*Asks:* 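Here it is: the structure, laid out below.
Counting convention: from 1, in listed order, for ligands and their atoms alike. Here, residue 1 is the first one in the sequence, and each next residue gets the next number. For the numbers below, each heavy atom of this structure counts, side chains included, while hydrogens, waters and symmetry mates do not. Computed from a predicted model, the values in this text were never measured in an experiment.
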Amino acid sequence: MAVRSEKAPVVIVGGGIGGLAAALALAQKGVRTTLLEQASEFKEIGAGIQLGPNVFRMFEVLGVTDAINKLAVFPEFLMMRDSITGEEVTKIPVLGAFREKFKYPYAVIHRADLHKALLDAARAQPDLIELIASQKVVGFEERADRVIVKTEAAERYEGAALIGADGLWSTIRAAIVGDGKPVVSGHITYRAVLPTKQMPEHLRWWSMVIWAGEKVHLVQYPMRGGELFNLVAVFHSNRFEEGWDSYGDPTELHERFAKTCEPVRTLLGKIESWRMWVLCDRPPIKEWSRGRVTLLGDAAHPMLQYLAQGANMAIEDAVCLANKVVEAGGDYAAAFQAYPKVRYLRTGRVQIMARVYGEFYHAAGVAKELRNMMLGGRTPEDAMASMEWLYGEQPELRPAALVQHAKAASA
Ligand SMILES: Cc1cc2nc3c(=O)[nH]c(=O)nc-3n(C[C@H](O)[C@H](O)[C@H](O)COP(=O)(O)OP(=O)(O)OC[C@H]3O[C@@H](n4cnc5c(N)ncnc54)[C@H](O)[C@@H]3O)c2cc1C
């Protein structure tokens with residue numbers, strides 16, 4: 001099942017969750033990679049991240065399940081509450097029957113912990129994965145049998161193939177798809193982490209909670225064994241064009257959430273310093289490979305975070321891509337043609353449905369009443385059935401078929 005014959009490694013641009021997962025998935029098939037990251041060290045910033053059963057299936061393939069299980073929190077419920085009245089709209093149990101149905105758990109984790117688990121696994125395989133920081137990729141040249149990647153520091157890296165896992169503002173996408181800037185959604189996210197001792201006791205639920213409001217919503221959940229709570233506040237604003245990770249303006253936040261109930265305003269009042277993201281996505285595309293060059297994760301299919309699946313999808317991409325490399329016997333151009341074909345409908349569905357869920361979380365008037373009625377009327381079984389498409393097993397992500405012998409990927 002391994003593809004051991006190539007001389008040059010595969011170059012991966014971007015040492016985020018997607019890039020590391022790609023390096024690990026390819027290492028499992030015996031493929032060497034060189035991972036180039038523009039930052040001076042490999043690390044994640046930000047706060048929490050939700051993990052669906054679909055990505056736990058991938059963790060098993062990548063051999064990182066135990067590391068993740070040590071760091072993740074396994075909530076009891078997915079809960080939606082009306083952020084104006086404070087009333088519970090729906091509460092879906094995600095232990096017990098949910099776990100039995102999907103075979104794998106639902107969890108939440110600090111981004112830094114997820115990234116570190118992948119990074120540690122990558123560092124444990126120095127013969128197969130080379131990690132190089134402080135290398136901002138600015139371009140590449142395609143040759144018949146290889147790709148030459150160029151960095152801002154005028155370094156050149158030769159690879160049998162190139163994977164752009166360089167996120168929303170991907171340089172590699174600009175070169176091979178060239179569809180301009182991402183779409184600014186008009187939704188702004190403020191994120192913060194609150195030590196649990198500062199969290200009001202009556203709100204310390206062991207659950208993922210969405211306080212859905214009118215053009216606003218707030219998400220809360222515990223992390224790091226319950227030491228911390230992740231808080232994510234989202235609201236509509238046209239003040240910003242683009243940008244991320246700058247400090248947010250709490251005055252605007254409090255204005256936007258002025259109509260929400262006391263628990264929501266109390267939670268927002270606990271945080272002095274928020275990090276701000278201007279949320280962007282793109283409409284789905286069908287093809288994101290050219291010859292020996294392909295994309296993965298946000299570079300291929302950036303999505304709004306409302307289904308909490310961007311990183312989950314990036315990790316699924318990685319496993320699928322490595323399977324396709326094996327199935328193609330190490331012929332990267334063939335593998336990179338096959339891989340988006342089996343991914344674009346799934347990732348496109350998540351991109352589109354994430355927008356729909358954004359509308360749902362921010363509904364007002366009749367739409368809000370309808371949302372509360374529809375979700376409130378569901379049984380846990382109904383709710384689980386509606387998640388089957390997302391959390392259920394995907395045929396294209398099963399282990400690759402046995403390939404007798406690998407073609408040379410590069411001369
Ligand atoms: C508020 C918010 C909440 C979210 N919550 C969830 C959630 O609960 N669950 C979930 O699954 N997803 C969630 N997401 C989405 C998730 O964060 C992204 O989909 C995921 O991080 C994408 O990973 P990636 O590796 O593709 O890209 P990125 O994480 O963006 O990583 C790209 C990497 O490439 C590097 N890079 C970029 N350009 C270059 C270059 N030219 N040269 C070298 N290196 C380069 C960057 O420095 C970075 O390290 C959320 C997103 C947001 C904004």
*Asks:* What are the atoms of ligand 1, with element, lying closer than 4.0 Å to any heavy atom of Glu37?
*Replies:* 33 (C), 34 (O), 35 (C), 43 (C), 44 (N), 46 (C), 47 (O), 48 (C), 49 (O)

*Asks:* For ligand 1, which is the ligand I care about here, please tell me if Gly310 has any N or O atom under 3.5 Å from one of the ligand's N or O atoms.
*Replies:* yes

*Asks:* Does the distance from a Lys or Arg side-chain N to an Asp or Glu carboxylate O, for Arg32 and Glu130, drop under 4.0 Å?
*Replies:* no

*Asks:* Indicate yes or no: at least one non-hydrogen side-chain atom of Lys116 is less than 4.5 angstrom from one of Lys43.
*Replies:* no

*Asks:* When you check the gap from the basic side-chain N to the acidic O, do Arg156 and Glu158 get nearer than 4.0 Å?
*Replies:* no

*Asks:* Does a donor on one side chain sit under 3.5 Å from an acceptor on the other, for Asn54 and Gln309?
*Replies:* yes

*Asks:* Please work out whether any backbone atom (N, CA, C, O) or any side-chain heavy atom from C-beta onward of Thr151 is under 4.0 Å from ligand 1, and answer side chain, backbone, both or neither.
*Replies:* neither

*Asks:* Run down the list Ser170, Gly48, Gly167 and name the one with the heavy atom closest to atom 30 (O) of ligand 1.
*Replies:* Gly167

*Asks:* Does Trp288 have Arg173 sitting over its ring (NZ/CZ under 6.0 Å from centre, angle to axis within 45°)?
*Replies:* no

*Asks:* Considering only heavy atoms of Arg191, which atoms of ligand 1 have at least one such atom less than 4.0 Å away?
*Replies:* 1 (C), 2 (C), 3 (C), 52 (C)

*Asks:* Test the Lys91-Phe77 pair against the cation-pi criterion, namely NZ or CZ under 6.0 angstrom from the six-membered ring centroid and within 45° of the ring axis.
*Replies:* yes

*Asks:* Distance alone, cut at 3.5 Å: any donor-acceptor contact between the side chains of Tyr306 and His217?
*Replies:* no

*Asks:* Please state which protein non-hydrogen atom is closest to atom 5 (N) of ligand 1 and give its distance, to 0.1 Å?
*Replies:* Arg111 NH2, 3.8 Å

*Asks:* Which option out of Leu279, Val149, Thr189 puts a heavy atom nearest to atom 53 (C) of ligand 1?
*Replies:* Leu279

*Asks:* Of the backbone atoms (N, CA, C, O) and the side-chain heavy atoms from C-beta on, which set of Ala165 has a member under 4.0 Å from an atom of ligand 1: side chain, backbone, both, or neither?
*Replies:* backbone

*Asks:* Could you tell me the residue and atom name of the protein heavy atom closest to atom 41 (N) of ligand 1, and the distance to it rounded to 0.1 Å?
*Replies:* Val137 O, 3.0 Å

*Asks:* Using a 4.0 Å heavy-atom cut-off, which part of Asp298 comes near ligand 1: side chain, backbone, both, or neither?
*Replies:* both

*Asks:* Is a donor from one side chain sitting under 3.5 angstrom from an acceptor on the other, for Thr151 and Gln135?
*Replies:* yes

*Asks:* Can you see whether Phe74 has Arg99 sitting over its ring - NZ or CZ less than 6.0 Å from the centre and within 45° of the normal?
*Replies:* yes

*Asks:* Looking just at side-chain N and O atoms, do Glu287 and Tyr344 make a donor-acceptor pair shorter than 3.5 Å?
*Replies:* no

*Asks:* Is the Lys NZ or Arg CZ of Arg191 less than 6.0 Å from the centre of Trp277's six-membered ring, within 45° of the axis?
*Replies:* yes

*Asks:* Among the heavy atoms of Met313, does any lie under 4.0 Å from an atom of ligand 1?
*Replies:* no

*Asks:* Of the side chain and backbone of Val13, name the one, both, or neither that has a heavy atom under 4.0 Å from an atom of ligand 1.
*Replies:* side chain

*Asks:* Assess whether ring-ring contact (aromatic ring centres under 6.0 Å, His included) is satisfied between Tyr339 and Phe336, documenting all intermediate values.
*Replies:* CA-CA 5 Å; Tyr339 141 74; Phe336 290 0; 7.0 Å; no

*Asks:* Just let me know how Ala311 lines up against ligand 1, side chain, backbone, both or neither, with a heavy-atom cut-off below 4.0 Å.
*Replies:* both

*Asks:* Scan for salt bridge (Lys or Arg N to Asp or Glu O under 4.0 Å) pairs involving residues 339-348, sequence neighbours excluded, and state none if there are none.
*Replies:* Glu316-Arg343, Glu316-Arg346, Asp317-Arg343, Arg343-Glu396

*Asks:* Identify, by atom number and element, the atoms of ligand 1 in contact range of Ala308, meaning under 4.0 Å from any of its heavy atoms.
*Replies:* 7 (C), 8 (O), 9 (N), 10 (C), 11 (O)

*Asks:* Do me a favour and list the nearest non-hydrogen protein atom to atom 8 (O) of ligand 1 with residue, atom name and distance?
*Replies:* Gln50 N, 2.7 Å

*Asks:* Find all atoms of ligand 1 within a distance of less than 4.0 Å from any non-hydrogen atom belonging to Gln135, and give their numbers and elements.
*Replies:* 42 (N), 43 (C)

*Asks:* Which atoms of ligand 1 are found less than 4.0 Å from any heavy atom of Ile17?
*Replies:* 25 (O)

*Asks:* With heavy atoms under 4.0 Å as the rule, classify the contact between Thr171 and ligand 1 as side chain, backbone, both or neither.
*Replies:* side chain

*Asks:* In the protein, what heavy atom is nearest to atom 39 (C) of ligand 1, and what distance, to one decimal place, separates them?
*Replies:* Gln38 OE1, 3.4 Å

*Asks:* Distance under 4.0 Å to a non-hydrogen atom of Leu36: what atoms of ligand 1 satisfy this?
*Replies:* 43 (C), 44 (N)

*Asks:* List ligand 1 atoms under 4.0 Å from Gly297, heavy atoms only on the residue side.
*Replies:* 26 (O)

*Asks:* Should Met303 be listed as contacting ligand 1, given a heavy-atom distance under 4.0 Å as the test?
*Replies:* no

*Asks:* Tell me which protein heavy atom sits closest to atom 23 (O) of ligand 1, plus the residue, atom name and distance to 0.1 Å.
*Replies:* Gly18 N, 4.2 Å

